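Computed from a predicted model, the values in this text were never measured in an experiment. Any value given below was found using the heavy atoms of this structure, including those in side chains, with hydrogens, waters and symmetry copies removed.
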Amino acid sequence: MYYAQVNQQTHHPSRTMIVIGYGQVMVTPSSVQLQIEVQTQGNHVQGPQQENAAIMNEVMQSLIALGIPREQIQTASYTITPLYNFEDGKQIFNGYEVVNAISVNVSDTNDLGLIIDTAVENGANRITNIQFKMDHTDAYYQQALSLALQNAQLKAKTIAETMHLPLQPLPVEIVEEQANTPILYRSMAVSSGITPIEQGQIAIDATVRVKFQY
């Protein structure tokens, strides 16, 4: 009887590990945008309209006097709203409210407190929507992405060395996770006898999911 010789080779299935890498870059804001509002009320619409226009003109002139270019001051909204009180279940007319809001873009964030104080001193009665911004966001994100990849490689190496695994140095798959909206971390206050405003820093985050073979 004849038996054919069969060469048997042990097959080692490929094994993989997946690690998550994180990277973060902290950036000082390069500009700030805020909304300055003038609210007036009166029994007849013409009165608060005229008063509002006069006050807002003073506010805008005072901001221009600080060196803010006129093109960096824009109307954000203008509303006229009837006011009502409710007494004994009845709706009673109580005049009108006029709200004029302007959006101001400032390149020097250190001037923010002075700008707010100047606007209030000249009649503004509400400050809203202070938003710190930065230029070259994509360049900072690329830095964070590089840090995330390095973090993933370090994690994989640590796992392999701890478990005595023959890690392949090149990953077999890299997935960039969805980028998050930059987060503002308030860390330092700007104060010199004026309204203190914390400009802080903006965090740019990147996350990657990396698969290594061993």
Side-chain angles (χ1 to χ4, degrees), residues 27-138 140 179-205:
V27 184
T28 299
S30 57
S31 63
V32 62
Q33 182 179 28
L34 70 156
Q35 187 164 299
I36 299 174
E37 300 181 7
V38 174
Q39 298 174 314
T40 53
Q41 295 181 0
N43 294 329
H44 303 284
V45 68
Q46 292 83 0
Q49 270 188 305
Q50 294 174 357
E51 180 186 5
N52 195 295
I55 296 174
M56 182 55 80
N57 183 63
E58 289 293 328
V59 170
M60 294 179 64
Q61 291 303 318
S62 68
L63 296 179
I64 293 172
L66 289 178
I68 300 176
R70 185 179 292 272
E71 58 268 21
Q72 293 179 203
I73 303 173
Q74 298 178 331
T75 298
S77 64
Y78 186 89
T79 60
I80 300 175
T81 307
L83 302 176
Y84 296 93
N85 289 334
F86 290 89
E87 298 180 6
D88 299 327
K90 295 181 180 180
Q91 181 174 285
I92 300 175
F93 177 72
N94 194 34
Y96 293 91
E97 179 183 66
V98 178
V99 180
N100 190 356
I102 59 173
S103 177
V104 181
N105 291 281
V106 183
S107 57
D108 190 348
T109 59
N110 293 318
D111 291 338
L112 185 55
L114 176 61
I115 291 170
I116 291 175
D117 288 347
T118 300
V120 172
E121 288 171 1
N122 285 272
N125 45 24
R126 191 178 183 191
I127 309 294
T128 62
N129 296 333
I130 298 177
Q131 299 179 4
F132 290 94
K133 301 181 177 182
M134 61 187 173
D135 299 326
H136 313 299
T137 305
D138 187 64
Y140 291 118
N180 296 322
T181 302
I183 301 174
L184 173 64
Y185 288 86
R186 302 183 182 278
S187 59
M188 60 174 138
V190 180
S191 179
S192 57
I194 59 177
T195 298
I197 300 295
E198 298 176 345
Q199 64 177 6
Q201 289 187 310
I202 297 175
I204 305 297
D205 295 316

Ignoring hydrogens and angles, tell me if any N or O in the side chain of [X] forms a donor-acceptor pair with the backbone of [Y] under 3.5 Å.
X	Y	value
N52	V38	yes
Q131	Q33	no
D88	K90	no

Shortest non-hydrogen separation from [X] to [Y] and the atoms involved:
X	Y	value
E51	Q41	OE1-O, 4.4 Å
P29	T109	O-CG2, 4.1 Å
P48	G42	CG-N, 3.8 Å
A119	L63	CB-CD2, 4.5 Å
Y84	F93	CD2-CA, 3.6 Å

Got a second to check how far [X]'s [atom1] is from [Y]'s [atom2], nearest 0.5 Å?
X	Y	atom1	atom2	result
N94	N85	CG	CG	4.0 Å
S31	D108	OG	CG	10.5 Å
M60	N122	CE	CG	12.5 Å
M56	E37	CE	CD	8.0 Å
I127	I36	CD1	CD1	4.5 Å
H136	I204	NE2	CD1	13.0 Å

- Message: Quick one, T40 with Y96, criterion side chain to side chain contact (heavy atoms under 4.5 Å, CB included). Give me CA distance, side-chain angles, the key distance, then yes/no.
- Response: CA-CA 8 Å; T40 53; Y96 293 91; over 6 Å; no

Find out whether [X] and [Y] are in side-chain contact, i.e. whether some heavy atom of one side chain is under 4.5 Å from a heavy atom of the other.
X	Y	result
T81	V99	no
Q72	V106	no
S30	M134	yes

- Show your working on side chain to side chain contact (heavy atoms under 4.5 Å, CB included) between I55 and N125 and close with a plain yes or no. CA-CA 10 Å; I55 296 174; N125 45 24; over 6 Å; no

- side chain to side chain contact (heavy atoms under 4.5 Å, CB included) evaluation trace for D111 with I68: CA-CA 10 Å; D111 291 338; I68 300 176; over 6 Å; no

